[in-house]
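Down below is the structure, laid out as structure tokens.
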Amino acid sequence: MPKFYLPYSRDNAPDSILVHGDQALHFPSRKAALTFVMEYFRDERLLTNNAIISIEGQDGLWRSFDTRLLPAREGG
């Protein structure tokens, strides 16, 4: 199952980084990074919930979502 991580970007950060495996992909905003993941899975005609996107909030907590941006279920 593909997993993506979107760390919290401070206000003064020039971009957002989306981590997938050992790759760090740079985007101008968090919204652009999320759009990339959602469009990738839509374009590839893969199941909408077969990837997990973990997003770090400003509070430092990580929350996991599927590619519909619905909360991911425990255990995939």
Discussion item. Under the rule for side chain to side chain contact (heavy atoms under 4.5 Å, CB included), what residues qualify as partners of Ala24, not counting sequence neighbours?
Written reply: Ile17
Discussion item. Run the side chain to side chain contact (heavy atoms under 4.5 Å, CB included) test against Pro7 and tell me which residues pass, sequence neighbours left out.
Written reply: Glu56, Trp62
Item to complete: Go through the structure and list residues passing ring-ring contact (aromatic ring centres under 6.0 Å, His included) with His26, not counting sequence neighbours.
Response: none
Worksheet item: What residues, two or more places apart in sequence or in another chain, satisfy ring-ring contact (aromatic ring centres under 6.0 Å, His included) together with Phe65?
Response: none
Looking at every heavy atom in both [X] and [Y], which two are closest together, and how far apart are they?
| X | Y | answer |
| --- | --- | --- |
| Ser16 | Ser29 | OG-C, 3.3 Å |
| Arg30 | Leu6 | NH1-O, 3.9 Å |
| Lys3 | His20 | O-ND1, 3.0 Å |

Practice prompt. Could you list the residues that satisfy salt bridge (charged side-chain N to carboxylate O under 4.0 Å, His left out) with Asp22, not counting sequence neighbours?
Written response: none
Practice prompt. Apply side-chain hydrogen bond (donor to acceptor under 3.5 Å, both in side chains) to Ser64 and list each qualifying residue two or more places apart in sequence or on a separate chain.
Written response: Ser54
Discussion item. Could you tell me if the side chain of Ile53 sits less than 4.5 Å from the side chain of Leu34, heavy atoms only?
Written reply: yes
Worksheet item: Is Leu18 close to Tyr5 at the side-chain level, that is, under 4.5 Å between some pair of heavy atoms?
Response: no
Worksheet item: Linking I/L/V/M/F/W/Y whenever any side-chain heavy atoms sit under 4.5 Å apart, do Leu25 and Leu69 land together?
Response: yes
